[in-house]
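All values derive from a computational prediction rather than experimental measurement.
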Amino acid sequence: QVQLVESGGGLVQPGGSLRLSCAASGFTSDYYAIGWFRQAPGKEREGVSCIIRSDGSTYYADSVKGRFTISRDNVKNTVYLQMNRLKPEDTAVYYCATGAIFSRSLALLLRPSVYNYWGQGTQVTVSS
């Protein structure tokens, strides 16, 4: 059974930084995509970034490209999302998710419906 636990959320001022962590367990294959998603009140869940566990390939939504960096530590089975230059519009509950996804399509890798396993989420609030 795959389990995911997010941590690292909090309150930060605009322009500040946060690092989210997603601790994972129960993988049965190296070919898993681990994605970060977010959902703001009244909005649909959207894909933020994704990393392929086997080779470390990374993918980003246009809204965070150049500000967010996803990385992995396969020994610790943990994926990180370093978020810099945060904006108020980045405020949301952030979730990590995983699944055996064999596509390398950005659109597919950032689509919530293709992921099978989800964490409980961590709140990120960007406000002065």
Participant: Listing request: all disulfide bond (SG atoms under 2.5 Å apart) pairs with a residue in residues 60-98, at least two apart in sequence or in separate chains.
Facilitator: C22-C96
Participant: Mind checking whether T98 and W118 have side chains closer than 4.5 Å, heavy atoms only?
Facilitator: no
Participant: Which residues pass the side-chain hydrogen bond (donor to acceptor under 3.5 Å, both in side chains) test with Y115, sequence neighbours left out?
Facilitator: none
Participant: If a pair satisfies salt bridge (charged side-chain N to carboxylate O under 4.0 Å, His left out) and one of its residues is in residues 87-98, list it, with sequence neighbours excluded.
Facilitator: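 Of all non-adjacent pairs touching residues 87-98, those that pass salt bridge (charged side-chain N to carboxylate O under 4.0 Å, His left out) are R38-D90, R67-D90.
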Participant: For a quick check under 3.5 Å, do D73 and T78 share a side-chain donor-acceptor pair by atom type?
Facilitator: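 Side chains of D73 and T78: no pair found under 3.5 Å.
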Participant: Is there a chain of hydrophobic side chains (I, L, V, M, F, W, Y, each step under 4.5 Å between heavy atoms) that links F37 to L106?
Facilitator: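 Yes, because F37 and L106 connect within a single hydrophobic cluster, where side-chain heavy atoms sit under 4.5 Å apart.
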Participant: Measure across I70 and I34 and return the closest heavy-atom pair with its distance rounded to 0.1 Å.
Facilitator: CD1-O, 3.9 Å
Participant: Can you see which heavy atom on L109 is nearest to which on A33, and at what distance?
Facilitator: CD2-CB, 4.0 Å
Participant: List in chain and number order the residues that pass side-chain hydrogen bond (donor to acceptor under 3.5 Å, both in side chains) with K76, two or more places apart in sequence or in another chain; answer none if no residue qualifies.
Facilitator: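 None.
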Participant: Please determine whether residues Y117 and Y80 belong to a single hydrophobic cluster, defined as Ile, Leu, Val, Met, Phe, Trp and Tyr linked transitively by side-chain heavy-atom distances below 4.5 Å.
Facilitator: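 In one cluster: no.
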Participant: Can V64 be reached from W36 by stepping across I, L, V, M, F, W or Y side chains whose heavy atoms are under 4.5 Å apart?
Facilitator: yes
Participant: For F68 and Y94, take the angle between the two ring planes, folded into 0 to 90°, and tell me which bin it lands in: parallel under 30, tilted 30 to 60, perpendicular over 60.
Facilitator: tilted
Participant: Tell me, please, which residues at least two apart from Q39 pass side-chain hydrogen bond (donor to acceptor under 3.5 Å, both in side chains).
Facilitator: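 Testing Q39 for side-chain hydrogen bond (donor to acceptor under 3.5 Å, both in side chains), a comparison that skips the adjacent residues, returns R45.
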Participant: Between R72 and D55, does any NZ, NE, NH1 or NH2 come within less than 4.0 Å of an OD or OE carboxylate oxygen?
Facilitator: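 Salt bridge flag = no for R72 with D55.
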Participant: Would you please name every residue forming a side-chain hydrogen bond (donor to acceptor under 3.5 Å, both in side chains) with T125, sequence neighbours left out?
Facilitator: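 Listed in chain order: Q123.
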